[in-house]
Amino acid sequence: MTDPLILTLALDAGTFAHVDAMRRAHFPPERNVIPAHLTLFHKLPGDELGAVTACLSSAAASAGPIPLAIAGLRFLGRGSAYAVASPALQALRARLAAEFALWLTPQDRQRFAPHITIQNKVAPETARRTFETLSTAFEPFEAQGVGLLLWHYRSGPWEPAGAFPLTGA
């Protein structure tokens with residue numbers, strides 16, 4: 001059996017630099033083995049790589065950059081995340097979910113609540129303090145989704161499996 005695939009949204013360079021710096025500042029260093037990301041699907045079948053990439057190529061060619069509103073912070077219980085609002089992202093994710101329907105795990109069938117995790121896997125009291133500190137300084141900001149990134153999950157740092165720039169109208 002082939003390792004599963006993870007699909008994330010590529011963020012514009014400025015946004016990525018900001019959220020990745022926040023992740024490095026707040027995520028436990030020993031657990032921070034991947035960069036900041038916005039996950040679209042957590043587990044697609046690795047043995048369907050060809051079909052997945054064909055679908056992503058088509059979707060990316062027909063979708064342009066996606067406006068994102070980083071609308072607030074979300075408390076995760078053991079961490080914090082930026083909450084992301086975007087009707088265009090919801091529509092693209094729904095289109096892909098329909099294409100991948102036979103392969104979706106229960107986690108990927110759940111309601112899609114886009115977010116970018118900046119802290120996770122810490123003690124609840126640490127998470128609460130961080131969330132309260134971040135909340136006092138948070139100001140909403142705009143960002144763009146500029147591509148789809150496909151990754152091989154191999155129980156550690158993710159390995160790139162494909163990049164699909166959003167080049168459509």
Side-chain angles (χ1 to χ4, degrees), residues 4-12 14-28 31-45 52 55-56 59-60 62-151 153 158 161 163-164 166:
L5 301 166
I6 300 168
L7 182 64
T8 65
L9 182 70
L11 303 169
D12 65 88
T15 300
F16 175 76
H18 170 71
V19 298
D20 197 53
M22 292 295 286
R23 184 178 172 97
R24 285 192 314 274
H26 298 289
F27 214 93
R31 293 178 160 269
N32 192 23
V33 298
I34 56 176
H37 56 279
L38 190 161
T39 303
L40 299 174
F41 295 97
H42 297 84
K43 190 175 183 182
L44 296 171
V52 170
C55 178
L56 297 178
S62 65
I66 297 173
L68 307 170
I70 313 305
L73 290 166
R74 198 166 123 193
F75 184 64
L76 303 176
R78 295 180 64 87
S80 297
Y82 286 121
V84 178
S86 174
L89 179 60
Q90 291 284 353
L92 175 61
R93 198 320 184 137
R95 173 184 167 190
L96 293 172
E99 294 276 342
F100 300 150
L102 295 176
W103 301 327
L104 297 183
T105 63
Q107 181 180 21
D108 284 332
R109 283 190 205 109
Q110 294 176 7
R111 182 182 69 83
F112 178 54
H115 63 280
I116 303 164
T117 303
I118 56 175
Q119 183 187 60
N120 204 6
K121 305 187 188 311
V122 299
E125 53 278 359
T126 301
R128 177 59 66 188
R129 278 193 308 273
T130 301
F131 178 77
E132 289 170 359
T133 300
L134 293 173
S135 293
T136 61
F138 178 79
E139 292 185 22
F141 60 97
E142 302 296 315
Q144 274 197 328
V146 296
L148 302 171
L149 300 174
L150 189 63
W151 306 89
Y153 176 72
W158 300 349
F164 309 87
L166 298 174

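Heavy-atom basis, side chains included; hydrogens, waters and symmetry copies ignored.
- In this structure, P45 and L5 have side chains that are not in contact, with every pair of non-hydrogen atoms separated by 4.5 Å or more.
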- Worked check of side chain to side chain contact (heavy atoms under 4.5 Å, CB included) between L150 and I6: CA-CA 6 Å; L150 189 63; I6 300 168; over 6 Å; no

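- For H18, the ring pair (Phe, Tyr, Trp, His ring centres under 6.0 Å) test picks out Y82, F141, with sequence neighbours left out.
- Nearest heavy-atom pair across A71 and P140 is O-CG, 4.2 Å.
- R23 places a side-chain N or O within donor-acceptor distance of the main-chain N or O of T117, the cut-off being under 3.5 Å.
- For Q119, the side chain to side chain donor-acceptor pair (under 3.5 Å) partners at least two apart in sequence or on another chain are T130.
- Judged as a ring pair (Phe, Tyr, Trp, His ring centres under 6.0 Å), and not counting sequence neighbours, F27 has no contacts.
- Using a 4.5 Å cut-off on side-chain heavy atoms (C-beta onward), T39 and L7 make no contact.
- By the side chain to side chain donor-acceptor pair (under 3.5 Å) test, R74 pairs with H115, sequence neighbours left out.
- Within a 6.0 Å radius of CZ in R109, other residues, nucleotides and ligands contribute more than 12 heavy atoms.
- Not counting sequence neighbours, the partners of D20 by the salt bridge (charged side-chain N to carboxylate O under 4.0 Å, His left out) test are R24.
- Under the side chain to side chain contact (heavy atoms under 4.5 Å, CB included) criterion, E125 pairs with A123, R129, not counting sequence neighbours.
- Under the side chain to side chain donor-acceptor pair (under 3.5 Å) criterion, D108 pairs with H42, sequence neighbours left out.
- Q90 has its side chain within reach of P114: a pair of non-hydrogen atoms, C-beta onward, lies under 4.5 Å apart.
- Applying the side chain to side chain contact (heavy atoms under 4.5 Å, CB included) criterion to A69, with sequence neighbours excluded, gives A85, E142.
- Remark: T8 pairs with W151 by the side chain to side chain donor-acceptor pair (under 3.5 Å) rule, at least two apart or across chains.
- With sequence neighbours excluded, the residues satisfying side chain to side chain contact (heavy atoms under 4.5 Å, CB included) with F75 are A127, R128, F131.
- Put simply, the side chain of I116 does not reach to within 4.5 Å of the side chain of M22, judged on heavy atoms.
- Every residue meeting the side chain to side chain contact (heavy atoms under 4.5 Å, CB included) condition with P4, not counting sequence neighbours, appears here in chain and number order: K43, Y153.
- Of all heavy-atom pairs between L38 and V84, the closest is CD1-CG2, 3.9 Å.
- Side-chain contact annotation: T15 with D12, donor-acceptor N/O pair under 3.5 Å present.
- Nearest heavy atoms, A36 versus F16: O-CE1, 3.4 Å.
- In this structure the side chain of I70 reaches within 4.5 angstrom of the side chain of F138, judged on heavy atoms.
- Between L9 and L149, every side-chain heavy-atom pair lies at or beyond the 4.5 Å cut-off.
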- Verdict with supporting geometry, L134 and H26, side chain to side chain contact (heavy atoms under 4.5 Å, CB included): CA-CA 10 Å; L134 293 173; H26 298 289; 3.7 Å; yes

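- The heavy-atom pair separating A81 from L76 by the smallest distance is CB-CD1, 4.0 Å.
- Between atom OG1 of residue T105 and atom CD of residue Q110 there is a gap of 8.0 Å, rounded to the nearest 0.5 Å.
- Applying the side-chain hydrogen bond (donor to acceptor under 3.5 Å, both in side chains) rule to pairs touching residues 94-103 yields S62-R95, sequence neighbours excluded.
- In this structure, F41 and L96 have side chains that are in contact, with non-hydrogen atoms separated by less than 4.5 Å.
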